[in-house]
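Below you'll find the structure, written out as structure tokens, and then a few comments.
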Amino acid sequence: MFRSIARGCAAGAAGTTALNAVAYLDMALRGRPSSSAPEAVVEKVTTVAGHPLPDGEGRDNRLSGLGALAGIAVGVGTGAVVSLLHRAGVRPPAWLGGALTGALAMTLADAPIARLGVSDPRTWSAVDWTADAIPHLAYGLVTYGVIASARGRAGASGCGRHGRPG
């Protein structure tokens, strides 16, 4: 089971890199600014938890860093969950597994945004949804692809080099 979790974390990290690359490409091509939602979520969560970041020099940089780290955590954690599901036998075709993995990551990223009142996805335009969905689809395809291909390399019996399921 540990190898499945580690495989999923690595796959989620690869997927997160793909998501960031697609999002940064979109920013470069369309000239759109980066989202401030991750920082706003961190600010609300730390305030609700009773540990707001102190005002002063570096506060915005801390929020930015914590927002990025939260995104990485969602990506790596989603990869671990999907890998455990894959290990348990949930193995849709790559195109569907990739789309579902991306949808799961998008839900886990967007739910706190909505729940904390940072933004209301019901008011997003088609362009806004597309700018969110395409990077998450890239995340899902890469993450699920790494998980599925790593499982395939374990051998025809599905066992790792020590004869135990990976």
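The first residue in the sequence is number 1, and the count goes up from there. The structure presented is a predicted model; accordingly, all values stated were derived computationally and were not measured.
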Point-to-point distance, once rounded to the nearest 0.5 Å, from [atom1] of [X] to [atom2] of [Y]:
| X | Y | atom1 | atom2 | answer |
| --- | --- | --- | --- | --- |
| Glu39 | Ser34 | CD | OG | 6.5 Å |
| Thr143 | His136 | OG1 | NE2 | 10.5 Å |
| Arg3 | Ser83 | CZ | OG | 11.5 Å |

Under 3.5 Å donor-acceptor, Ser64 side chain and Asp60 backbone: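 No, because the side chain of Ser64 does not come within donor-acceptor range (under 3.5 Å) of the backbone of Asp60.
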Any donor-acceptor N/O pair, Thr78 side chain to Gly75 backbone, under 3.5 Å: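 Between the backbone of Gly75 and the side chain of Thr78 there is no qualifying donor-acceptor contact (under 3.5 Å).
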Using a 3.5 Å cut-off and no angle test, enumerate the donor-acceptor pairs between side-chain atoms of residues 93-113 and protein atoms at least two apart in sequence or in another chain.
from	atom 1	to	atom 2	distance (Å)
Thr101	OG1	Gly97	O	2.7
Thr107	OG1	Ala103	O	2.9

Minimal non-hydrogen separation, Ser4 against Arg87, with atom names: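 Heavy atoms only, the tightest pair is OG-CD, 2.9 Å.
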Using distance only, find each side-chain donor-acceptor pair of residues 9-23 under 3.5 Å and give its atom names and separation, not counting sequence neighbours.
from	atom 1	to	atom 2	distance (Å)
Thr16	OG1	Gly12	O	2.7
Thr17	OG1	Ala13	O	3.1
Asn20	ND2	Thr16	O	3.4

List the atom pairs, with distances to 0.1 Å, where a side-chain N or O of residues 48-55 and a protein N or O form a donor-acceptor pair under 3.5 Å, not counting sequence neighbours.
from	atom 1	to	atom 2	distance (Å)
Asp55	OD1	Arg59	NE	3.3

Qualifying side-chain hydrogen bond (donor to acceptor under 3.5 Å, both in side chains) pairs with a residue from residues 113-122, counting only residues at least two apart or across chains: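 side-chain hydrogen bond (donor to acceptor under 3.5 Å, both in side chains) check on residues 113-122 returns Ser119-Trp124, Asp120-Arg122.
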Hphob cluster co-occupancy, Leu84 + Val81, side-chain heavy atoms under 4.5 angstrom: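 Per the 4.5 Å side-chain linkage, Leu84 and Val81 are not co-clustered.
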Contacts of Asp26 that satisfy side-chain hydrogen bond (donor to acceptor under 3.5 Å, both in side chains) - sequence neighbours left out: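 For Asp26, the residues satisfying side-chain hydrogen bond (donor to acceptor under 3.5 Å, both in side chains) (neighbours in sequence not counted) are Arg30, Arg32.
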side-chain contact (heavy atoms from CB on, under 4.5 Å) evaluation trace for Asp128 with Asp132: CA-CA 6 Å; Asp128 296 334; Asp132 195 34; over 6 Å; no
Partner residues of Tyr144 under the ring-ring contact (aromatic ring centres under 6.0 Å, His included) criterion, sequence neighbours left out: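 Scan of Tyr144 (ring-ring contact (aromatic ring centres under 6.0 Å, His included), adjacent residues dropped) gives His86.
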